[in-house]
Protein chains: 2
Amino acid sequence: MKLTTKGHYGLKAMYDLALHYGDNPIPLKTVAERQRVPENYLEQLIAVLRRAGLVKSVRGAQGGYILAKRPEEITVGDVIRVLEGPIAPLECVSEEYIGDCDQFHYCITRNVWAKVRDSIVEVLDSISLADMCREAEEIKQSKE
Amino acid sequence: MKLTTKGHYGLKAMYDLALHYGDNPIPLKTVAERQRVPENYLEQLIAVLRRAGLVKSVRGAQGGYILAKRPEEITVGDVIRVLEGPIAPLECVSEEYIGDCDQFHYCITRNVWAKVRDSIVEVLDSISLADMCREAEEIKQSKE
DNA sequence: TAAAATCCCTAGTTTTTTACTAGGTTTTAG
DNA sequence: CTAAAACCTAGTAAAAAACTAGGGATTTTA
């Protein structure tokens with residue numbers, strides 16, 4: 001039940017971009033340093049996010065990345081699905097699954113994992129990048 | 001966010017034993033065949049479950065395995081924790097984590113994963129093997 | 001008492017995945 | 001023109017996953 005660094009780093013990067021939404025494009029180097037992830041590796045992850053339409057890039061000097069939509073419109077689920085694939089503790093409970101498991105119609109353990117999937121999906125789809133920024137802001141306030 | 005075959009096969013095996021709770025010990029070979037998992041591999045998994053006190057073994061001819069407690073008293077969470085380790089999409093949100101992450105006290109993405117963990121834990125700890133057997137029974141009834 | 005059934009244990013091995021690294025090409029502001 | 005950036009792809013080292021293999025110990029039963 002572990003997340004890989006793809007989802008982990010990718011969400012950190014998206015959150016970082018959300019915190020600076022409205023500013024000039026942020027160079028990947030900056031994001032990588034702030035979030036302490038290897039830049040070259042993050043580059044591969046953000047390429048996936050770009051192709052999926054979640055971030056936009058600006059090339060050349062003074063270039064960088066910005067969110068393709070407002071932070072309110074991007075959920076954690078969006079980011080994770082793009083980087084980690086369909087949300088499912090087991091392949092046979094992913095949304096796109098074409099049943100080739102012989103016990104498919106009578107598999108009780110499968111039902112358990114479908115319930116787990118639903119509860120994960122509900123959490124991930126209910127949290128937007130804007131929610132994360134708001135939470136950070138609240139924590140910051142409460143410390144002053 | 002994937003489960004490994006350890007948790008998958010292990011739960012199948014425990015469910016199988018629960019279905020036959022009260023009978024004579026079930027040989028592992030039988031469980032492996034019914035649940036279609038490699039016997040030698042399952043042997044390693046059930047050894048872990050035995051050492052954790054979830055199943056008991058009876059050696060020798062006519063031996064096999066039985067649940068160490070009633071199906072009502074064993075949850076899916078118990079089985080998964082034993083086979084897969086602490087339930088946590090990221091190490092830093094597992095219950096036993098000793099914070100050595102520099103951003104520990106101010107990490108918003110971490111909060112997201114803690115929420116995911118909580119929702120998984122709630123599902124896994126709320127389903128017992130007895131619940132699974134009951135569900136199987138209901139499905140069987142509704143097909144008649 | 002011997003054979004068969006079964007659990008028990010541990011050391012490989014193969015395959016897959018993860019998590020990078022490296023090093024180039026292209027684009028654009030200044 | 002130069003530097004800063006995005007873009008692209010191939011390679012690789014390490015770890016984990018998923019078994020396989022094979023021998024030993026225990027108990028029933030013929």
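Letters A, B, ... mirror the listed sequences (proteins, then strands); counts begin at 1. Quick caveat: nothing in here was measured; it's all calculated off a predicted structure.
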If I take atom [atom1] in residue [X] and atom [atom2] in nucleotide [N], what distance separates them, rounded to the nearest angstrom?
| X | N | atom1 | atom2 | value |
| --- | --- | --- | --- | --- |
| A/R51 | D/dC7 | CZ | P | 9 Å |
| B/K2 | D/dA18 | NZ | P | 12 Å |
| A/L42 | D/dC7 | CG | C1' | 14 Å |
| A/R50 | D/dA6 | CZ | P | 11 Å |
| A/K56 | D/dC7 | NZ | C1' | 18 Å |

Subject >> Phosphate OP1/OP2 of D/dC7: any A/S57 side-chain N/O under 4.0 Å >> reply: yes
**OP:** For DNA chain C, note the earliest and the latest nucleotide, 5' to 3', having some atom under 4.0 Å of a heavy atom belonging to chain A.
**Re:**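 Going 5' to 3' along DNA chain C, contacts run C/dT18 to C/dA29.
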Shortest non-hydrogen contact from [X] toward [Y]:
| X | Y | value |
| --- | --- | --- |
| A/P71 | A/S128 | O-CB, 3.6 Å |
| A/E84 | B/M1 | OE1-N, 4.0 Å |
| B/I108 | A/M132 | CG2-O, 3.5 Å |
| B/P25 | B/Q62 | CG-O, 4.2 Å |

Original post:
Taking NZ, NE, NH1 and NH2 as the nitrogens, is one of them in A/K115 or A/D118 under 4.0 Å from a carboxylate oxygen of the other?
Top reply: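 The answer is no: the pair does not qualify as a salt bridge.
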Original post:
Could you write nucleotides 20-30 of chain D as a row of B, S and -, 5' to 3', where a protein heavy atom under 4.0 Å of any base atom gives B, of only sugar-phosphate atoms gives S, and otherwise -?
Top reply: BB--BBBBBS-
Original post:
What is the nucleic acid contact for B/I46, judged by heavy atoms within less than 4.0 Å: base, sugar-phosphate only, or nothing?
Top reply: nothing
Original post:
Under the salt bridge (charged side-chain N to carboxylate O under 4.0 Å, His left out) rule, what pairs show up with a residue in residues 70-83 of chain B, not counting sequence neighbours?
Top reply: B/R70-B/E72, B/R70-B/E73, B/R81-B/D125
Subject >> Exceeds 12 heavy-atom contacts within 6.0 angstrom, atom CD of A/E39 >> reply: yes
**OP:** Report yes if the side chains of B/L11 and B/L129 come closer than 4.5 Å at any heavy-atom pair, otherwise no.
**Re:** yes
